[in-house]
Amino acid sequence: MGFRNGAYAKVWEVTPKSEAMTKVRLSISYKNKETDQYDVKFSSSVMFVGTACASKAAKLTENDRIQLLQVDVDSPKDESTGKRYYVFKCSDFAVANSQDQPYSAPAQQAASTVAQRVDSGELDDSRLPF
């Protein structure tokens with residue numbers, strides 16, 4: 001699967017356009033188990049929209065890895081040519097890792113968050129409906 005919510009992507013270029021929009025060239029690849037090579041499933045420029053998302057995206061650098069959390073695609077029609085083109089947009093993402101930290105950091109953070117939410121297993125009578 002390519003461009004979708006939850007996909008991990010590699011950042012190649014970041015170009016701030018305005019306070020509420022940053023253009024990011026990125027790619028999404030998956031390892032082919034048969035050839036042991038990476039196959040590119042998506043490679044394009046994505047507009048990171050919204051003030052918070054655009055400012056966070058403007059801080060990204062080449063080779064950062066991100067997880068796309070909220071994405072959308074528009075396909076407007078150019079009235080003069082009659083052709084459609086695609087606009088890939090992202091309104092929320094998480095930094096998966098940067099050049100300074102190992103890739104396993106997000107998984108470790110997620111595991112610690114889950115561990116914090118797990119309780120002792122004892123029932124609290126005050127929370128029972130009867």
Side-chain angles (χ1 to χ4, degrees):
M1 303 201 72
F3 185 73
R4 63 179 171 79
N5 291 337
Y8 287 90
K10 183 174 181 177
V11 174
W12 295 103
E13 183 180 11
V14 178
T15 309
K17 293 292 189 181
S18 70
E19 192 174 292
M21 188 180 307
T22 299
K23 180 179 173 182
V24 179
R25 192 168 54 88
L26 54 83
S27 65
I28 299 170
S29 304
Y30 293 95
K31 192 169 191 174
N32 184 327
K33 293 178 184 178
E34 295 174 6
T35 64
D36 212 30
Q37 299 293 318
Y38 284 91
D39 294 333
V40 176
K41 298 295 181 183
F42 176 84
S43 180
S44 187
S45 292
V46 177
M47 301 309 291
F48 284 70
V49 295
T51 306
C53 184
S55 65
K56 188 166 84 167
K59 297 174 187 169
L60 292 170
T61 59
E62 184 178 344
N63 293 322
D64 278 347
R65 288 190 41 84
I66 61 173
Q67 183 178 22
L68 303 171
L69 301 177
Q70 190 67 40
V71 297
D72 191 22
V73 179
D74 284 339
S75 177
K77 187 176 182 179
D78 184 346
E79 294 301 324
S80 62
T81 64
K83 294 184 179 181
R84 292 199 174 272
Y85 60 96
Y86 295 96
V87 179
F88 300 98
K89 298 184 291 183
C90 178
S91 57
D92 193 17
F93 72 97
V95 177
N97 77 317
S98 66
Q99 299 166 354
D100 301 330
Q101 65 187 84
Y103 179 67
S104 61
Q108 291 169 351
Q109 291 170 354
S112 67
T113 303
V114 170
Q116 291 172 355
R117 288 187 283 173
V118 175
D119 62 11
S120 65
E122 294 295 319
L123 290 177
D124 180 8
D125 291 341
S126 66
R127 293 177 52 199
L128 294 175
F130 48 88

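For this chain, numbers begin at 1 and follow the sequence in order. Side chains are part of it too, since the values below use all heavy atoms of this structure and drop only hydrogens, waters and symmetry mates. What you see is a predicted model, and the numbers here were worked out from it, not measured in a lab.
- More than 12 heavy atoms of other shown residues, nucleotides or ligands fall within 6.0 angstrom of atom OH in Y30.
- The structure places CE of M47 at 7.5 Å from OG of S18, a figure rounded to the nearest 0.5 Å.
- In this structure, the separation between CG on D78 and CZ on R84 is 11.0 Å, given to the nearest 0.5 Å.
- For the atom pair CG (D39) and NZ (K31), the distance works out to 11.5 Å, reported to the nearest 0.5 Å.
- Listed for the R65 side chain is no donor-acceptor partner under 3.5 Å among the backbone atoms of A96.
- Under a 3.5 Å cut-off, the side chain of T22 and the backbone N or O of P16 do not form any donor-acceptor pair.
- Atoms CG and SG, on L69 and C90 in that order, are 7.0 Å from each other to the nearest 0.5 Å.
- When the ring pair (Phe, Tyr, Trp, His ring centres under 6.0 Å) test is applied to F93, the partners found at least two apart in sequence or on another chain are F48.
- To the nearest 0.5 Å, the span separating CG on L26 from CG on D64 amounts to 11.5 Å.
- To the nearest 0.5 angstrom, D36 atom CG is 11.0 Å from E34 atom CD.
- V71 and Y86 fall within the same hydrophobic cluster, defined by Ile, Leu, Val, Met, Phe, Trp and Tyr side-chain heavy atoms under 4.5 Å apart, directly or through other members.
- R25 has its side chain out of reach of K23: every pair of non-hydrogen atoms, C-beta onward, lies at least 4.5 Å apart.
- When side chains are defined from C-beta on, I28 counts as touching L68, because their heavy atoms get closer than 4.5 Å.
- Annotation: K56, atom NZ; neighbour count of heavy atoms from other residues, nucleotides and ligands within 6.0 Å is above 12.
- Taking the side chain as every heavy atom from C-beta outward, N63 and W12 approach each other to under 4.5 Å.
- Criterion: ILVMFWY side-chain heavy atoms under 4.5 Å apart, direct or through other members. Under it, M21 and V24 are not part of a common hydrophobic cluster.
- Put simply, the side chain of P76 reaches to within 4.5 Å of the side chain of V87, judged on heavy atoms.
- E19 and A54 make their closest contact through O-CB, 3.8 Å (heavy atoms, listed as atom of the first residue, atom of the second, distance).
- Scanning both residues, F3 and V46, for their nearest heavy atoms gives CE1-CG2, 3.9 Å.
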Inset, instruction - In sequence, state the C-alpha distance, the side-chain angles, and the governing distance for S91 and V49, and then conclude on side-chain contact (heavy atoms from CB on, under 4.5 Å). - result: CA-CA 5 Å; S91 57; V49 295; 4.3 Å; yes
